[in-house]
Amino acid sequence: MNLLRVFSSRAVIQQAKFQKELDIWRLYHLLYYFEQSHGQDVKVPRPEHKPYRKQYQLVHEGVNKQVISLVDTAQTKPFSLSLDDTCGVRLCGKAAPGTVVCFYPGVVFLPYYLNQMPSFPNISKDNPYLMSRTDGSVIDAKDLETKNLNNSPFGVGHLVCHPPNGLQPNVLPFSYRIGANFPSSLLAHVPNRYFRKPFFLRLTHTKMHCIVFVAMRVLKDEELFLNFRLHPDSQLPDGYCAIDKDEDRRRWKY
């Protein structure tokens, strides 16, 4: 056995684990703020430390409650989303830190169906509208009008831009699972569908695998920006400015 390879593999796994836990730690603080402030811009005490699994559970529960409200067309929203002149997405109104602001729409390819994606294994060839979840699933938002998806006003995450030089991201993604307790009447308003549903050996209580974007700070009448975390060793688009190269590398250890 090559010990150097073993230690190297362990180091890669540890880096990926660290980045996942860091992202959940950030989301835990944001969702705690939202819950304690009731969605208002006020000061709240710092949350107590919790182990990673508990943090994840609380984040998912908080996101789930907000998603139900977000897709319920009967409920009044404190903000709306519109397409910006720069082809980005603009939030109109105000959103507190920890607010779920939108979905990343599209067709969900579970990990065991990735080999059936167009242009596999070079799935990103000629398709800039792919986003991966932390479990390895990929959501394809290209040509949405041909994919039999509902026209949700909050299904615009694929149009959110990476921040230009000098600006910081203001939303953070979360790999969210719609569980069995999600109202069936609202599921049709979620802008995602499976390429193929999980086969019987992999059936779970999950109704849909999604990605939602969460506000990182108070947002008011401004454009949304997401850190794309592109691989720092890949050929990057013109004008792309990395926010944190170390973080980007860890993200690609998933």
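Residue numbers run from 1 in the order of the sequence given.
Note that SG of Cys102 is 9.5 Å distant from CG of Leu159, once rounded to the nearest 0.5 Å. The distance from the CZ atom of Arg193 to the CE atom of Met208 is 9.0 Å, given to the nearest 0.5 Å. In this structure, the separation between CG on Asp140 and NE2 on His158 is 10.5 Å, given to the nearest 0.5 Å. Remark: Asp244 CG to Asn227 CG distance equals 8.0 Å, nearest 0.5 Å. Note that the NE2 atom of His60 and the CD atom of Gln57 stand 10.5 Å from one another [nearest 0.5 Å]. The distance from atom OH of Tyr33 to atom CD of Gln40, rounded to the nearest 0.5 Å, is 9.0 Å.
Minimum interatomic distance between Leu110 and Ser137 (heavy atoms only, all atoms of both residues): CD2-OG, 3.6 Å. When all heavy atoms of Asp248 and Ala242 are compared, the pair lying nearest together is OD2-CB, 3.8 Å. Contact between Ala141 and Pro105 at its shortest, heavy atoms only, is CB-O, 3.3 Å. Shown here for Gly155 and Pro191, the closest heavy-atom pair between the two residues is CA-CG, 3.8 Å. Minimum interatomic distance between Lys207 and Gly179 (heavy atoms only, all atoms of both residues): CD-O, 3.6 Å. The two residues Ile211 and Pro173 come nearest to each other via the heavy atoms CG2-CB, 4.0 Å.
Two residues are said to be in side-chain contact when any heavy atoms from C-beta on lie closer than 4.5 Å; Ile178 and Val190 meet this criterion. With a 4.5 Å cut-off on side-chain heavy atoms, Phe182 and Leu187 count as touching. Side-chain contact check for Val218 versus Pro97: some heavy-atom pair is nearer than 4.5 Å. The closest side-chain heavy-atom distance from Phe154 to Phe79 is below 4.5 Å. Using a 4.5 Å cut-off on side-chain heavy atoms (C-beta onward), Leu226 and Met131 make contact. Inter-residue side-chain proximity for Leu224 and Leu81 is flagged as met; some heavy-atom pair is nearer than 4.5 Å. In this structure the side chain of Ser82 reaches within 4.5 angstrom of the side chain of Arg90, judged on heavy atoms. With a 4.5 Å cut-off on side-chain heavy atoms, Tyr112 and Pro198 count as touching.
Following chains of ILVMFWY side-chain contacts shorter than 4.5 Å, one cannot reach Phe34 starting from Val71, and the two form parts of different hydrophobic clusters. A single hydrophobic cluster is seen to contain both Leu70 and Val212, as judged by linkage of ILVMFWY side chains at heavy-atom distances under 4.5 Å, directly or through other members. Hydrophobic clustering (ILVMFWY, side-chain heavy atoms < 4.5 Å, transitive): Val100 and Leu27 are in one cluster. Note: the hydrophobic cluster containing Phe103 also contains Leu186 (ILVMFWY, side chain heavy atoms under 4.5 Å, direct or indirect links). Note on Val214: it does not cluster hydrophobically with Val44, by side-chain heavy-atom contacts below 4.5 Å among ILVMFWY residues.
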Carefully, step by step, assess Arg217 and Glu222 under the rule salt bridge (charged side-chain N to carboxylate O under 4.0 Å, His left out). CA-CA 12 Å; Arg217 57 171 175 77; Glu222 60 185 288; 2.7 Å; yes
Please determine whether side chain to side chain contact (heavy atoms under 4.5 Å, CB included) holds for the pair Gln66 and Thr99, giving the CA-CA distance in whole Å, both sets of side-chain angles, and the decisive distance to 0.1 Å. CA-CA 8 Å; Gln66 288 196 56; Thr99 302; 3.9 Å; yes
Side chain to side chain contact (heavy atoms under 4.5 Å, CB included) evaluation trace for Ser37 with Lys43: CA-CA 7 Å; Ser37 68; Lys43 289 186 177 181; over 6 Å; no
Determine whether Leu114 and Val138 satisfy the following criterion, side chain to side chain contact (heavy atoms under 4.5 Å, CB included), listing intermediate values before the conclusion. CA-CA 8 Å; Leu114 295 185; Val138 173; 3.8 Å; yes
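Thr206 pairs by the side chain to side chain contact (heavy atoms under 4.5 Å, CB included) definition with Arg177, Tyr194, Thr204, His209, not counting sequence neighbours. With sequence neighbours left out, the side chain to side chain contact (heavy atoms under 4.5 Å, CB included) criterion links Glu35 to Lys65. Under the rule for a side chain to side chain contact (heavy atoms under 4.5 Å, CB included), the partners of Arg26 that lie at least two apart in sequence or sit in another chain are Gln19, Leu22, Asp23, Leu172, Arg229, Glu247.
Judged purely by atom type and a 3.5 angstrom limit, Ser175 uses its side chain to pair as donor or acceptor with the backbone of Thr134. One N or O on the side chain of Lys142 and one on the backbone of Asp126 form a donor-acceptor pair closer than 3.5 Å. Looking at His162, its side chain does come within 3.5 Å of a backbone N or O of Cys241 through a donor-acceptor pair. Judged purely by atom type and a 3.5 angstrom limit, Arg251 has no side-chain atom pairing as donor or acceptor with the backbone of Leu230. Gln55 places no side-chain N or O within donor-acceptor distance of the main-chain N or O of Tyr28, the cut-off being under 3.5 Å. Remark: side-chain polar atoms of Asn192 are paired, donor with acceptor, to backbone N or O of Tyr104 under 3.5 angstrom. The main-chain N or O of Trp25 is found under 3.5 Å from a side-chain atom of His29 such that the two form a donor-acceptor pair. Lys77 places a side-chain N or O within 3.5 Å of a backbone atom of Gln75 that can act as its donor or acceptor partner.
Between Tyr56 and Phe174, the ring planes lie tilted relative to each other; the angle falls in the 30° to 60° range.
Cluster note: Leu167 groups with Phe225 through ILVMFWY side-chain heavy atoms spaced under 4.5 Å, whether in direct contact or through intervening members.
Heavy atoms of other residues, nucleotides or ligands lying less than 6.0 angstrom from CG of Asp221 number more than 12. Within 6.0 Å of OH in Tyr129 there are 12 or fewer heavy atoms belonging to other residues, nucleotides or ligands.
Salt-bridge formation is detected for the pair Asp135/Arg133: a Lys NZ or Arg NE/NH1/NH2 atom is positioned less than 4.0 Å from an Asp or Glu carboxylate oxygen.
Checked against the 6.0 Å centroid threshold, Phe195 and Phe109 count as a close aromatic pair.
Judged as a salt bridge (charged side-chain N to carboxylate O under 4.0 Å, His left out), not a single pair has a partner in residues 153-170 (not counting sequence neighbours). Screening residues 233-242 for side chain to side chain donor-acceptor pair (under 3.5 Å), with sequence neighbours left out, gives Asp233-Arg249.
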